[in-house]
Amino acid sequence: MTRVAVVTGGSRGIGAAVAVEFGRLGYAVVVNYHSRRAAADAVVDAVAQAGGQGLAIAGDMRVPGDAARLVRAATESFGRIDTLVCNAATPIKQAAFADMPWEDFAAKLTGELGAAYHVTQLALPVMRKQRYGRLVFVSSGQAERPGAPGMIAHGSAKAALNTFTRYLAVEEGPHGITANVVAPGYVHTDASAAVGTEEFEAVIAARTPLRRVAEPIDIGRVIALVGGENSGFATGIVVPVDGGITLAP
Ligand SMILES: NC(=O)c1ccc[n+]([C@@H]2O[C@H](COP(=O)([O-])OP(=O)(O)OC[C@H]3O[C@@H](n4cnc5c(N)ncnc54)[C@H](OP(=O)(O)O)[C@@H]3O)[C@@H](O)[C@H]2O)c1
């Protein structure tokens, strides 16, 4: 039997690294993307080169109908969904609370949670039928610890995602389904490019016990571990992948 992984926001950054890592493990990987078809196609090729099979599916994960199309594509093409990685990077409004309009704060909360909620609710019946499933939600260290300025909406949304995951772990455990969070610190991707100057990365690296910033594959490998077959008795946990920066003085 070929295991099947669905990765939202799989066309770039952390999601692309996860997809290729699952390909290396021999999975069939459904690579969801928002608008960059060519990037998603390149990931599908990389998945195949790594030893798996890939399929690119467009969709805005904040939209229930798009999430339904993604789940349908996975089951119609590959017959099952073993692992769902909710990774899509919904837009961030960066502002201090004093300057944050409610509409922008609410849009981040509903975008972040909606992008996890819809696809998870639709994938769960498939996983329950299999009596096997691995849900992995990509959160952030900023859920627990205010980091960069202006990230109150992002941090609050990711904190809600962590709690959402714990409830899922309790409710879905009896069906053979695990739910876990992977929480990166700063990662060198397009999403972080706005702040990620060379100087900024040098500061982060110097404060990090492992003395470098993360590349997407550092996070992708841990997601594949948490979302893989061998993690069957780990559920409801938040796994930080940050080079130890939260421990540093
Ligand atoms: N980078 C960091 O420092 C960092 C740190 C902690 C946590 N994270 C989290 O890690 C995850 C991935 O971030 P990243 O840095 O890898 O982002 P990225 O490189 O900017 O890639 C974003 C991905 O999300 C997709 N996407 C955007 N909006 C979407 C939507 N509404 N529905 C479906 N897909 C959508 C994009 O598709 P297109 O290519 O089609 O645009 C792309 O595949 C996010 O949840 C982010 O919050 C990132």
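Residue numbers count from 1 along this sequence. Indexing begins at 1, ligand by ligand and atom by atom, following the structure's order.
Listed by first then second residue, pairs satisfying ring-ring contact (aromatic ring centres under 6.0 Å, His included) with a partner in residues 25-83 read F22-Y27, not counting sequence neighbours.
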May I have the list of side-chain donor-acceptor pairs in residues 237-249 shorter than 3.5 Å, sequence neighbours left out?
unit_1: D242; atom_1: OD1; unit_2: G244; atom_2: N; d: 2.9
unit_1: D242; atom_1: OD2; unit_2: T246; atom_2: OG1; d: 3.0

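Between D41 and R37, at least one side-chain N (NZ, or NE/NH1/NH2) sits under 4.0 Å from a carboxylate O, which counts as a salt bridge.
Listed by chain and residue number, the protein contacts of ligand 1 are G9, G10, S11, R12, G13, I14, N32, Y33, H34, S35, R36, G59, D60, M61, R62, N87, A88, A89, V138, S139, S140, H154, K158, P184, G185, Y186, V187, T189, D190, A191, S192 (heavy atom within 4.0 angstrom).
Y167 meets the ring-ring contact (aromatic ring centres under 6.0 Å, His included) test with no other residue; sequence neighbours excluded.
Within a 6.0 Å radius of CZ in F105, other residues, nucleotides and ligands contribute more than 12 heavy atoms. Other residues, nucleotides and ligands contribute over 12 non-hydrogen atoms within 6.0 Å of the CZ atom of R80.
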